[in-house]
Amino acid sequence: MPYSHHSHSGQFCRHALGSLEEVVSEAIKQRFEVYGLTEHVPRYRLEDLYPEERALSLGDLSDQFTTFLNEAHRLKELYAPHITLLVGLETEYITDDDLDHLRKLLKDNEKRIDYIVGSVHHVSSIPIDFDRVTYEKALANFSDEEGVHILGNHQMEQFLSVYFDAQHKLIRHFQPEIIGHLDLCRLYTPSLDLKQYPIAWGKLVRNIEEAINYGALFEINSAALKKEGWTSPYPGKDVVALIQEKNGRFALSDDSHGPRTVGQYYLHVADYLMQSGITELWHLDHSSEPNHKGRYTSPRRVEGDWRLHAFWNACREGKKVNGHCGTPSQP
């Protein structure tokens with residue numbers, strides 16, 4: 001579908017490629033109608049910087065995000081005749097200080113941030129999506145009351161519970177319009193059955209119900225399909241079924257990290273949607289009235305049968321040529 005609510009560029013994210021304008025140009029080339037620009041918020045402790053960022057100062061990261069907002073709004077105006085661009089951000093929750101900084105950032109940039117992608121990438125301040133070694137370090141961090149490291153199901157139960165509790169804090173305090181990669185916690189364990197962890201599953205149910213209550217959209221994130229062992233987007237089928245059971249609403253995201261991954265795996269996403277029985281899709285759009293958190297976007301249902309949209313034929317033609325959805329301009 002010609003919508004995406006989650007993207008990055010090499011200009012403002014060191015593990016991505018290409019400029020923000022190249023990402024936008026590719027989205028236009030593929031005939032996206034709405035495309036969200038959502039770089040990560042700054043991090044506020046030197047120990048939280050990734051290896052590729054070690055040459056940057058905390059001030060550099062803050063300035064980089066401000067530059068992103070300026071550039072995104074420039075592109076939003078420049079390309080308005082061709083595409084609806086939404087300017088947002090993707091959250092980080094490493095410590096509670098990140099939430100305090102996010103409140104200030106949102107206040108300082110009121111009306112410049114259209115929406116939030118609410119994502120969690122850390123458990124107990126340790127990244128869970130950087131590499132397997134770091135993920136296993138986060139998992140091994142859990143100990144029993146005597147300080148003895150615990151193993152097996154109890155360890156995983158605690159890990160998942162802390163992840164979903166952090167997610168709940170973001171949902172409760174900031175009410176993100178888009179819930180980002182809901183089950184990223186099983187990135188390195190894609191076959192993990194979350195229902196086998198009843199405490200964590202209960203927390204997931206709580207999060208989904210609370211997000212639905214204020215009107216959030218749950219992203220179907222195609223980026224999972226490039227991860228080892230994943231045969232579906234985020235979230236997995238069990239979580240999708242739970243969202244459906246609760247009458248939640250879905251939106252699409254490519255979570256692109258440069259022009260080469262704009263729209264990537266969207267044909268696989270279409271198959272997944274049909275297999276899951278998702279007949280209705282939603283997207284964000286600009287609104288003249290503020291929403292529940294004072295931001296100027298609102299969800300809109302995709303009209304008609306999403307499966308019949310001309311985008312999918314163009315996507316199939318692009319795949320025939322180069323294996324991607326659309327016709328990426330980068331070599």
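Just so you know, these numbers come straight off a predicted model, no measurement behind them. All residue numbers in this chain count up from 1 along the given sequence. Quick note: numbers below take in every heavy atom, side chains included, and nothing from hydrogens, waters or symmetry partners.
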Start with the C-alpha distance between Leu105 and His101, add both sets of side-chain angles, then the distance that settles side chain to side chain contact (heavy atoms under 4.5 Å, CB included), and finish with yes or no.
CA-CA 6 Å; Leu105 186 149; His101 284 291; over 6 Å; no

Give the other cluster members for Phe130, using side-chain heavy-atom distances under 4.5 Å between Ile, Leu, Val, Met, Phe, Trp and Tyr residues; answer none if it is isolated.
Tyr50

Is the side chain of Asn291 donor-acceptor paired with the backbone N or O of Thr297 at a distance under 3.5 Å, no angle test?
yes

Verify whether one side chain among Glu21 and Tyr79 offers a donor that lies under 3.5 Å from an acceptor in the other.
yes

Side chains of Asn247 and Ile212 in contact at under 4.5 Å (non-hydrogen atoms):
no

Looking at Asp129 and Leu187, would you say the former's side chain and the latter's main chain have a donor-acceptor pair under 3.5 Å?
no

Distance col, row Tyr214:OH vs Ile171:CD1, nearest 0.5 angstrom, shows 5.5 Å

Atom CD of residue position Glu77 - does it have more than 12 heavy atoms of other residues, nucleotides or ligands inside 6.0 Å?
no

Between CZ on residue Phe159 and OG1 on residue Thr189, distance to nearest 0.5 Å
7.5 Å

Side chain proximity check, Ile199 to Phe164, heavy atoms < 4.5 angstrom:
no

Classify the angle between the aromatic ring planes of His40 and His15 as parallel (below 30°), tilted (30 to 60°) or perpendicular (above 60°).
tilted

Those residues that, when tested against His6, pass ring-ring contact (aromatic ring centres under 6.0 Å, His included) (two or more places apart)
His8, His181

